[in-house]
Structure formats: C-alpha cells, structure tokens
Protein chains: 2
Amino acid sequence: MNRFTIRPEPHTQCSACPVRGLAWFEPGSQEDAARREQLRSTQYQAPTGQILFQEGDTLRRAYTLFSGWVIRYKVLKNGQRQVLSIALPGDFIGYRADFGAPLDYSAVAATPVVLCSFSEYNIETLMQDDPTLTRKLIQIQCQQAQECRLRLSYVGQAPALQRFAMFLCELTTRLSQRGIDITQPIDIPLNREDIADAIGVTSVHLSRISADLRKKQIVDCRYNRLIPKDLEALQRLAHDND
Amino acid sequence: MNRFTIRPEPHTQCSACPVRGLAWFEPGSQEDAARREQLRSTQYQAPTGQILFQEGDTLRRAYTLFSGWVIRYKVLKNGQRQVLSIALPGDFIGYRADFGAPLDYSAVAATPVVLCSFSEYNIETLMQDDPTLTRKLIQIQCQQAQECRLRLSYVGQAPALQRFAMFLCELTTRLSQRGIDITQPIDIPLNREDIADAIGVTSVHLSRISADLRKKQIVDCRYNRLIPKDLEALQRLAHDND
DNA sequence: CGTTAAGTTGAAGCGTCTCAAGATTGGTGG
DNA sequence: CCACCAATCTTGAGACGCTTCAACTTAACG
C-alpha cells in the first residue's frame with residue numbers, strides 16, 4: 001500500500017483548529033485541545049486520488065479529516081462500487097472499536113487532503129484520560145449510523161430524482177455547517193460517477209436527472225460545479241412534498 | 001403511544017441470561033451481571049405487531065431484545081417503508097448518544113417480544129461504574145454501523161436476486177450464532193412485504209425471485225418458513241461467484 | 001369446510017440500464 | 001492565443017428489470 005507523506009512543519013495546532021467544533025476534539029477548552037494535541041500522532045497529506053485505506057486492511061489508526069474531501073466506499077464482488085458517504089473537514093474516518101479487525105470499507109481522497117492521525121494506543125489513552133472524549137466518540141458513531149440509515153432508506157425506496165435531491169440536500173447542509181455560502185456556486189470535487197455510485201444509479205441516468213433539475217430551475221450541477229437556483233424547491237423535492 | 005405491559009414476575013436474571021453472550025452485558029462475570037441487573041429498569045412484553053417506538057419519539061430509554069424478533073424501519077414521506085434491520089435476541093435497540101434527540105427510526109414487534117429496559121440514567125450510571133460496558137457499547141454501535149453499510153452497498157448496487165440472497169445469508173448467519181440449526185426448516189416471522197421492504201423491491205417481484213431460488217434448489221422460502229437446500233450455493237450467489 | 005389474509009402468477013407499462021455517438025471541459029504544446 | 005487532445009459529460013435509441021394492477025392459488029383458522 002502506498003504511504004502518504006508527512007505534512008511539512010509546522011503542523012496545525014489543535015487549539016487553533018478551524019474545524020475542531022465539528023470534530024472529535026470538539027469538547028472542552030483550548031487548553032484541553034492543546035494538551036490532547038500531544039497524542040495526535042502526526043499530520044499527513046495525500047494527493048487527489050490517493051487511496052487512504054482499503055476494505056480488508058488492518059489499519060491501527062484513525063483520522064480526523066482536516067482539509068479536503070474523502071469518499072468512503074465499498075466495492076461489491078461484481079465490481080460495482082457503492083459510495084457510502086462523503087467525508088468533509090472535521091469528519092472522523094477509519095475508526096473501529098476493534099482495530100485488530102479489518103476495515104469494512106475503503107477511502108479515497110477526492111481532493112488533496114490533510115489528515116490528523118491518531119494511533120490506536122493514543123485513542124485509548126485519550127479516552128481514558130478524558131471521559132468527555134469517549135462520550136463524543138459515541139456521539140460520532142451514532143451520528144454516522146444515523147446518516148447511514150437515512151441513506152439506506154432513500155437508496156432503497158426513492159426514485160432516482162428524489163435520491164439525487166436528497167444527496168444534494170445533505171451535501172449543501174453539511175457544507176453550510178462548514179461556513180460555505182450555499183447560495184453561491186460551489187466547486188464540487190465529485191464527478192458524475194461518484195455521485196451516481198452514491199445514490200445507486202448509473203452516471204448516464206444521473207445525467208438525465210441532472211438535466212431535469214436544471215430545466216426545472218432548481219439546481220445546475222455540471223462539470224464539478226453546483227449552482228443552486230431554488231434550494232427550497234430542492235428540499236421539497238427531497239422530502240416529497242409536491 | 002401504546003404502552004407495553006410489564007412482564008409478570010419473576011423476571012429473568014441477567015446472571016443466568018441465555019442471550020447475555022450476544023448482548024450489552026456480555027463483558028464480565030456472572031457476579032458482574034447480577035450487580036448490573038439492579039440498574040436494568042424492568043422487563044416488558046409486547047404482542048406481535050406492537051409498535052415499540054416511532055421515528056420522532058423522544059424515548060429516554062433503550063432496550064435489549066430478550067426474546068422474539070423486532071423490525072427496525074423508516075417510513076419515507078411518500079409512504080414507502082425501508083426495513084433497516086431485523087433485530088434478534090441480544091440486540092440493543094433504541095440507543096442514542098443523546099436521549100434528548102428524537103429517534104430516527106421506528107421499531108415494531110414481528111413476534112411476541114420480551115424487552116429488557118434501561119433508562120437513560122441507568123445507562124449513564126452503568127457506563128460510569130464499568131468502563132468495559134462503555135467499550136462494549138462502542139463496539140455494538142460500530143457493529144450496527146458496519147451492518148448498515150453492508151446493506152446500503154447491496155441495496156444500492158446488487159440486482160434483486162442477489163440482494164435477496166445476501167439478506168438470507170445475513171439472517172441465517174445470525175440465527176446460527178443464536179444456536180439455531182440452519183440446515184433444518186426455520187420459522188421466519190416475516191412476510192413477503194417485510195423482506196421486500198428490507199431489500200428494496202416490491203413483494204410481487206420478491207415472489208418471482210423467491211420462485212427462482214426454489215426452482216434452482218437453493219432455498220424454499222414461502223409462507224413464513226425457510227427451508228435451506230443448498231446453503232453454499234446461496235452464499236455463492238450472495239457473494240457473486242458464479 | 002368456508003372465509004379471509006397472504007402469496008403467486010400473468011400481462012402491460014415505466015424507470016433505469018446499456019451501448020454508442022456527439023458535446024463540453026480543462027490541459028498541453030505549438 | 002489558439003489548436004488539439006483526452007477525459008468527462010450529455011443525449012439518443014433500444015433492451016431489460018422491476019413495478020403495477022388484477023386474477024388466481026395457497027395457507028391458516030374458526
């Protein structure tokens with residue numbers, strides 16, 4: 001497996017981290033964060049397209065995504081890929097209760113990324129020293145499970161247009177939480193196939209659906225750019241009130 | 001919301017619990033289990049079809065399923081139901097990191113069930129008293145998230161026949177873990193619609209697929225009974241090696 | 001047995017997929 | 001600055017899988 005490189009010094013300080021409010025280290029004061037920083041092993045960086053880990057690996061670490069976008073996915077035996085989620089800055093990836101067990105999904109960088117790495121041992125130590133971090137970790141797991149259930153429900157039951165609307169709603173909401181103005185055009189580092197694999201359709205069919213949304217003046221999502229036109233209509237479509 | 005009834009005394013003892021090995025109280029000795037039992041609020045029972053909780057409820061408790069089957073599901077705004085998972089004895093249902101937040105899914109009894117109830121306060125107390133229970137809880141959450149990711153991947157990407165095979169494989173594996181002989185006919189308290197809603201097809205189409213598997217002498221799954229004929233072929237089908 | 005709910009089967013229609021040709025974009029070098 | 005290229009995206013036409021609706025069959029239960 002390819003290694004990613006250690007990010008050049010100076011590394012970011014947890015006490016001044018712009019995404020801490022969304023991340024595992026959210027609880028506590030700046031001093032708490034600074035103290036914990038000693039147990040953050042290293043910051044890594046990786047280029048677009050770099051596979052961060054693969055299903056089946058036994059990686060004894062987990063990462064907080066500091067910057068960039070990461071695609072979590074599974075590949076079926078028939079070669080089809082299901083995109084499980086899009087990880088954005090602050091998201092915790094690769095964690096398992098048992099680091100001895102192999103990972104059940106893969107992750108690839110959709111942009112250049114910076115990752116804050118935590119070794120198994122340091123995660124254990126952090127949780128023993130600070131029960132609020134244990135609590136936060138449980139909350140993160142619950143949140144991820146909840147998001148997965150939501151995706152399962154719409155991938156299983158909704159027609160393609162509604163699935164796409166739900167995907168875009170979730171994405172814009174999460175981008176908005178990260179301070180991005182979702183009324184302006186947004187660069188989206190996902191191609192047609194990434195999004196198609198997330199909502200369980202082919203990229204060809206996604207193109208047609210995307211054209212529908214454009215003609216209806218709801219969103220224009222083409223060539224890695226998302227131009228919201230009528231976010232309320234998008235939400236109505238996602239939540240099936242029309 | 002309907003209440004379920006308190007199970008008549010005597011309640012089961014955690015120290016002698018037949019499903020403890022699969023449940024939250026798994027870690028530790030029989031004495032540990034007996035001590036913890038004081039913080040298990042009550043045992044409840046509910047008949048087939050009873051809704052245990054609904055999406056949107058703010059239930060300040062969680063349950064270990066002691067006996068029976070429970071269907072976890074979400075209902076979309078368009079009325080479609082996605083079955084998220086089938087809970088079997090030992091499974092932990094209704095837990096969230098924040099009991100103040102509303103539930104994101106519903107649960108209904110597929111058989112008469114007995115539930116071991118835990119109040120929010122008692123869960124907190126148990127976890128503070130015993131870090132191994134915190135650890136086990138994290139493990140349960142990770143496991144549930146992992147199962148959800150697996151289902152998302154096959155519901156999103158596999159054709160209906162393979163989805164059904166995967167569903168049956170998962171079910172037989174879990175029944176086998178609970179001591180059921182899966183080479184013999186098994187009563188399955190799920191109707192066509194339950195299974196169809198789990199794998200994201202209509203019950204009509206599931207009937208056709210089920211007929212295929214029967215004709216191929218792989219499994220006979222009709223009228224709430226599962227008769228395995230060739231479990232290896234089923235697994236091959238589920239894992240797409242043919 | 002007769003009744004009812006659930007499951008099965010058939011036929012037609014729709015949504016999505018496949019394959020293939022054209023259009024758009026961003027990068028590269030003249 | 002423009003021509004060209006490769007990769008990605010869009011569009012069209014036909015095929016296939018799944019859904020819908022409706023009639024029939026089977027199982028469960030008094």
Side-chain angles (χ1 to χ4, degrees), chain A residues 47-49 71 76 78-83 110-112 154-168 185 187-216 219-227 237 240, chain B residues 48-49 71 76 78-83 110-111 154-165 167-168 185-216 219-227 237 240:
Chain A
T48 302
I71 297 175
L76 272 71
N78 62 17
Q80 304 258 73
R81 178 182 72 152
Q82 174 68 38
V83 168
T111 64
Y154 71 72
V155 168
Q157 301 300 329
L161 182 67
Q162 199 178 342
R163 283 189 234 176
F164 185 39
M166 288 183 141
F167 176 85
L168 289 177
D187 285 332
I188 304 286
L190 306 172
N191 60 26
R192 279 268 169 271
E193 201 154 351
D194 294 330
I195 301 175
D197 287 350
I199 66 176
V201 298
T202 57
S203 62
V204 174
H205 195 231
L206 177 56
S207 256
R208 296 184 216 280
I209 285 159
S210 179
D212 285 356
L213 284 187
R214 186 160 10 100
K215 279 171 203 145
K216 286 180 182 166
V219 294
D220 186 338
C221 180
R222 279 189 297 180
Y223 304 116
N224 301 326
R225 190 166 299 114
L226 175 66
I227 306 175
L237 198 61
D240 210 43
Chain B
T48 301
I71 298 174
L76 272 72
N78 61 18
Q80 304 258 73
R81 177 182 71 154
Q82 174 68 39
V83 168
T111 65
Y154 70 72
V155 168
Q157 301 300 328
L161 183 66
Q162 199 179 341
R163 283 189 235 177
F164 185 38
F167 176 85
L168 289 176
I186 307 161
D187 286 330
I188 303 285
L190 305 172
N191 60 26
R192 279 269 169 270
E193 201 155 350
D194 293 331
I195 301 176
D197 287 350
I199 65 177
V201 298
T202 57
S203 62
V204 175
H205 192 58
L206 177 57
S207 257
R208 297 184 216 280
I209 285 159
S210 179
D212 286 355
L213 284 186
R214 187 161 7 101
K215 278 170 202 145
K216 287 180 181 165
V219 295
D220 188 338
C221 179
R222 279 189 297 182
Y223 305 115
N224 302 326
R225 190 168 299 114
L226 175 66
I227 306 174
L237 199 61
D240 208 44

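Convention: sequence-line order gives letters A, B, ...; per-chain numbering from 1. Any value given below was found using the heavy atoms of this structure, including those in side chains, with hydrogens, waters and symmetry copies removed.
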Exercise for review: Apply side-chain contact (heavy atoms from CB on, under 4.5 Å) to A:Leu168 and A:Val219, showing your working.
Suggested key: CA-CA 9 Å; A:Leu168 289 177; A:Val219 294; 3.8 Å; yes
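Summary for the helix from C:dC1-D:dG30 to C:dA21-D:dT10: the axes at its two ends, each from 5 pairs, differ by 40° when rounded to the nearest 10 degrees.
Rounded to an integer number of Å, the gap from A:Arg192 CZ to C:dG26 C1' is 17 Å. Protein atom CG of B:Asp212 is 12 Å distant from nucleotide atom P of C:dT8, rounded to whole Å. Rounded to whole Å, atom P of C:dG7 lies 12 Å from atom CG of B:Asp197. Between the CG atom of A:Asn191 and the C1' atom of C:dG26 there is a distance of 14 Å, given to the nearest Å. Rounded to whole angstrom, the span from the CG atom of A:Asn224 across to the P atom of C:dT25 amounts to 12 Å. Atom CG in A:Asn78 sits about 11 Å away from atom P in C:dT18, given to the nearest Å. With rounding to whole Å, A:Ile188 atom CD1 is found 17 Å from C:dT25 atom P. C:dG7 atom P lies 16 Å from atom CG of B:Leu213, rounded to whole Å.
Note that the CD1 atom of B:Ile195 and the CD1 atom of B:Ile188 stand 7.0 Å from one another [nearest 0.5 Å]. Note that the CD atom of A:Gln162 and the CG atom of B:Leu76 stand 6.5 Å from one another [nearest 0.5 Å]. Here the straight-line distance linking atom CD of B:Gln157 with atom CG of A:Asn78 works out to 8.0 Å at 0.5 Å rounding. Rounding to the nearest 0.5 Å gives a distance of 3.5 Å between CG of A:Asp194 and CD1 of A:Ile71.
What you find for B:Lys216 and B:Leu161 is that their closest heavy atoms are NZ-CD2, 3.8 Å.
Residues forming a side-chain contact (heavy atoms from CB on, under 4.5 Å) with A:Val201 (at least two apart in sequence, or on another chain): A:Ala160, A:Arg163, A:Ala196, A:Ile199, A:His205, A:Leu206. Annotation: side-chain contact (heavy atoms from CB on, under 4.5 Å) contacts of B:Pro189 (sequence neighbours excluded): B:Trp69, B:Thr111.
First and last contacts of DNA chain D with chain B, using any nucleotide atom under 4.0 Å from a protein heavy atom and ordered 5' to 3', fall at D:dC18 to D:dA27.
Within residues 201-210 of chain B, the residues that have a heavy atom under 4.0 Å from DNA chain D are, in order of number, B:Val201, B:Thr202, B:Val204, B:His205, B:Arg208.
With the nearest nucleotide of DNA chain C identified for both A:Arg225 and A:Ala158, A:Ala158 has the one nearer the 5' end.
In terms of modelled atom types and a separation under 3.5 Å, the side chain of A:Gln82 and the main chain of B:Tyr154 share no donor-acceptor contact.
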Review item, side-chain donor-acceptor pairs of residues 207-214 of chain A, under 3.5 Å, at least two apart:
| residue | atom | partner | partner atom | Å |
| --- | --- | --- | --- | --- |
| A:Ser210 | OG | A:Arg192 | NH2 | 2.9 |
| A:Ser210 | OG | A:Cys221 | O | 3.1 |

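Two residues are said to be in side-chain contact when any heavy atoms from C-beta on lie closer than 4.5 Å; A:Phe167 and A:Leu190 meet this criterion.
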